[in-house]
Amino acid sequence: MSPKLVLSLIAGYFTILIIIALITSRKATSASFFVANRNVPWYMVAFAMIGTSLSGVSFISVPGMVQDKAWSYMAVVFGYLVGYLVIGMVLLPLYYKLNLVSIYTYLEQRFGFWSYKTGAALFLISRAIGAALRLYVVAGVLQVAVFDDLGVPFAVTVAVSILLIYLYTFRGGLKTILWTDTFQTLAMLTSVGISIYLISAELNLGFQQVISTVRESEMSQIFFWEWTDSRKFWTQFISGMFITIVMTGLDQDLMQKNLSCRSLGDAQKNMFWFALILVPVNILFLSLGVLLYQYAAAKGIQLPVNAAGKIIGDDVFPLLATEHFSLFAGIVFILGIIAVTYSSADSALTALTTSFCVDFLNISKYSEEQQSKMRHRTHFMFTVVLVVIILIFRALNDQSLITAVFKAAGYTYGPLLGLFAFGIFTHRQLTDRLVPWMCVWPPVFCYILNANSKAWLGGYEFGFEILLVNGLLTYLGLLAISRPAEVGTQVNPAAAELVS
């Protein structure tokens, strides 16, 4: 595939996004930047959220994992459904009743200053590292496939890519992103569908044969029950449920889109339909994975392996698409990975800006003109932050260390789970100044526990369920520094009403 051709595709793609941004960002205000004036149709939000909830890592990793994990990931997806139900019935009513822009404002109303700032800081750290790592993985693919041949340094590739995101999001914010993410979700789903069709054609499989080939493959097994198997169904299912509650319901990025709906009822429709749509979307990704390995086997292609001789799943799709598929199929892959990556990254950048402006700068107390300047400066600051984090990952050049950093950032969602659960399901008050300390030790402990679980727990390996342990430890820590609410006081009437 010609690097110049790919570069032209990327340039054309971003041109479309910038045109959408110019149209949608006219007369943009803080209200449109943060919550799109709370006037967005629920079905548009549901569709746009598909691209946001996925990432370039998902686009590459979910198909790549089927050789090792089969379809055990579907247990996580089934757990998502329950998690989205909890969000729709418990969290969204709370957020709408309190009329929140940043969901972490709830923690201030419920507990106080330090709880609020701790929750917001945990989000900023988690989302900044997570978004940067996702961009890093995809930037590495594009660098090898395209920019190395053009002599473009990796730092320039990253800086220009993120600057382009800044250019089409800094004015319109969420109002623009809902439109660009709708376009990018459509592009991503089209890419996956076309990829499946083209691989099927290469293997001379009709529609019914594709279904039977996928169904009969050992790689499509969903249910695993062995205690020491990291793929076991129930832990995956429970983990998926809590991952959704925490990484969607307690995450400003995805909740910001829900808060743009016209009413609570519309936000709930969006959440429930979005949950249902995710099931066939993930089935598409996993089916693509089975077909990728079938294609490699049929063509006798040697797949990349690590030092232990194990296939590197994350390299399978990029390798086949850029070196073995037809030119058209390669183009489809490049467009798909760009679409899913930047629909996730642009949303994260806007959410980081929103949280920092609302939670730390208290932007609402300033005039609209001052708010505009503060938004733009904050948006650019986080653009630079993402570039710096990605370049640090590049300098480390140690995939195991980078993965460890990413996992550690993921652990910071555990304290958010503990904080919100304690606030919603109890009436007790906290010693606010001690809350930051109670949100630091559980992630550290869980990281150590996860690293040593096989030795300490008879071969048991934690998967996503370590998040639940993290949240439980935080909850117990908060309980230790809590006291009964004073008689006659009610810190948060709306929350108290929901609990009762």
S.K.: Centre-to-centre under 6.0 Å for Y84 and F272, is that the case here?
M.R.: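 So the answer is no for these two rings.
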S.K.: Say whether, by atom type as modelled, one donor and one acceptor occur between the side chain of Y80 and the main chain of A75 under 3.5 angstrom.
M.R.: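 Pair absent, no side-chain N/O of Y80 close to backbone of A75.
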S.K.: Working to the nearest 0.5 Å, report the span between CE of M44 and CG of D181.
M.R.: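 Between atom CE of M44 and atom CG of D181 there are 9.0 Å.
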S.K.: Is there a side-chain contact between F420 and V90, using heavy atoms and a 4.5 Å cut-off?
M.R.: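 Not in contact.
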S.K.: Checking side chain to side chain contact (heavy atoms under 4.5 Å, CB included) against R127, which of L122, D251, L349 comes through?
M.R.: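 Only one option passes, and that is D251.
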S.K.: Walk me through it: do I331 and L9 pass the test side chain to side chain contact (heavy atoms under 4.5 Å, CB included)?
M.R.: CA-CA 8 Å; I331 290 172; L9 290 170; 3.4 Å; yes
S.K.: Would you check if S61 and F317 make a side-chain contact, meaning some heavy-atom pair closer than 4.5 Å?
M.R.: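 No. Closest side-chain heavy atoms not under 4.5 Å.
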S.K.: To the nearest 0.5 angstrom, please state how far the CG atom of N470 sits from the CH2 atom of W441.
M.R.: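 N470 CG to W441 CH2: 9.0 Å, rounded to 0.5 Å.
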S.K.: Do I177 and K257 have side chains that approach each other closer than 4.5 Å (heavy atoms only, starting at C-beta)?
M.R.: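 Sidechains of K257 and I177: in contact.
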S.K.: Work out which heavy atom in A70 is nearest to a heavy atom in E218; give both atom names and the distance.
M.R.: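 That closest heavy-atom pairing would be CB-O, 4.1 Å.
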S.K.: Can you tell me how far apart CD (Q236) and OH (Y73) are? Round to the nearest 0.5 Å.
M.R.: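 Interatomic distance, Q236 CD to Y73 OH, rounded to 0.5 Å: 9.5 Å.
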S.K.: Where is the tightest heavy-atom contact between L186 and F47, given as atom of each residue plus distance?
M.R.: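 Closest approach of L186 to F47, heavy atoms only: N-CE2, 3.8 Å.
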S.K.: Between S72 and K232, does a side chain to side chain donor-acceptor pair (under 3.5 Å) hold up when you go through it step by step?
M.R.: CA-CA 8 Å; S72 61; K232 52 193 170 295; over 6 Å; no
S.K.: Carefully, step by step, assess Q294 and V214 under the rule side chain to side chain contact (heavy atoms under 4.5 Å, CB included).
M.R.: CA-CA 9 Å; Q294 295 275 4; V214 172; over 6 Å; no
S.K.: Mind checking whether M219 and Q67 have side chains closer than 4.5 Å, heavy atoms only?
M.R.: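 Yes - at least one pair of side-chain heavy atoms lies under 4.5 Å apart.
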S.K.: Is there a donor-acceptor contact under 3.5 Å linking the side chains of Y13 and Q184?
M.R.: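 There is such a pair (donor and acceptor under 3.5 Å, judged by atom type) between the side chains of Y13 and Q184.
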S.K.: Would you confirm whether N258, through its side chain, and L254, through its main-chain N or O, come within 3.5 Å as a donor-acceptor pair?
M.R.: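 Yes; judged by distance alone, with no hydrogens or angles, the pair exists.
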S.K.: Is there a side-chain contact between P153 and F147, using heavy atoms and a 4.5 Å cut-off?
M.R.: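 Heavy-atom side-chain distance check fails, nothing below 4.5 Å.
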S.K.: For Q252 and S355, work out which heavy atoms get closest and say how close.
M.R.: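 Taking Q252 first and S355 second, the nearest heavy atoms are CG-CB, 4.5 Å.
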S.K.: Take atom CH2 of W42 as the centre, draw a 6.0 Å sphere, and report whether it contains more than 12 heavy atoms from other residues, nucleotides or ligands.
M.R.: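 Enclosed: over 12 neighbouring heavy atoms sit under 6.0 Å from CH2 of W42.
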S.K.: Considering non-hydrogen atoms only, spot the tightest contact between F325 and G330 and give its length.
M.R.: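 Where F325 meets G330 most closely, the heavy atoms are CB-N, 4.4 Å.
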S.K.: Within the distance-only criterion (no hydrogens, no angle test), does the side chain of Q209 pair as donor or acceptor with the backbone N or O of G206 below 3.5 angstrom?
M.R.: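 Yes; at least one donor-acceptor contact below 3.5 Å.
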S.K.: Show me the donor-acceptor pairs, under 3.5 Å and distance only, between side chains in residues 283-292 and residues at least two apart or in other chains.
M.R.:
unit_1, atom_1, unit_2, atom_2, d
S287, OG, I283, O, 2.8

S.K.: Could you go through the side chain to side chain contact (heavy atoms under 4.5 Å, CB included) check for K269 and C261 one step at a time?
M.R.: CA-CA 10 Å; K269 287 179 189 175; C261 292; over 6 Å; no
S.K.: Q143 side chain to V152 main-chain N or O, any donor-acceptor pair under 3.5 Å?
M.R.: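 Looks like yes, one N/O pair under 3.5 Å.
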S.K.: Hey, what do you get for OH (Y293) to OG (S217), rounding to the nearest 0.5 Å?
M.R.: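 The OG atom of S217 is 11.0 Å from OH of Y293, to the nearest 0.5 Å.
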S.K.: Any side-chain donor-acceptor pair under 3.5 Å between Y411 and N450?
M.R.: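 Yes, side-chain donor-acceptor contact under 3.5 Å.
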S.K.: Got L92 and M255 here, is their nearest side-chain heavy-atom distance under 4.5 Å?
M.R.: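 Sidechains of M255 and L92: in contact.
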S.K.: So, for F233 and F223, is the gap between ring centers shorter than 6.0 Å?
M.R.: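 Between F223 and F233, which both carry aromatic rings, the centre distance is below 6.0 Å.
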S.K.: Where do L417 and Y475 land on the side chain to side chain contact (heavy atoms under 4.5 Å, CB included) test, with the steps shown first?
M.R.: CA-CA 8 Å; L417 175 62; Y475 187 97; over 6 Å; no
S.K.: How close do L178 and S260 get, heavy atom to heavy atom, and via which atoms?
M.R.: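 It is CD1-OG, 3.7 Å.
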S.K.: Just how far is it from atom CZ of F224 to atom CH2 of W71, taken to the nearest 0.5 Å?
M.R.: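 The distance works out to 12.0 Å.
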S.K.: Pick from D346, T176, T15, T180: which one makes a side-chain hydrogen bond (donor to acceptor under 3.5 Å, both in side chains) with Y168?
M.R.: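 Among D346, T176, T15, T180, the one that satisfies the side-chain hydrogen bond (donor to acceptor under 3.5 Å, both in side chains) with Y168 is D346.
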S.K.: From L473 CG over to L468 CG, what is the distance, rounded to the nearest 0.5 angstrom?
M.R.: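 The CG atom of L468 is 9.5 Å from CG of L473, to the nearest 0.5 Å.
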S.K.: Do V40 and R262 come within less than 4.5 Å of each other through their side chains, counting heavy atoms only?
M.R.: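 Side-chain contact under 4.5 Å: no.
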S.K.: Tell me, do L81 and T244 make a side-chain contact under 4.5 Å, heavy atoms counted?
M.R.: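 Not touching, per the 4.5 Å side-chain cut-off.
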S.K.: I'd like to know if the side chain of S191 and the backbone of A187 have a donor-acceptor N/O pair within less than 3.5 Å.
M.R.: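 Pair absent, no side-chain N/O of S191 close to backbone of A187.
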S.K.: Which atoms form the tightest heavy-atom contact between L135 and I390, and what is the distance?
M.R.: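 Scanning both residues, the minimum pair turns out to be CB-CD1, 3.6 Å.
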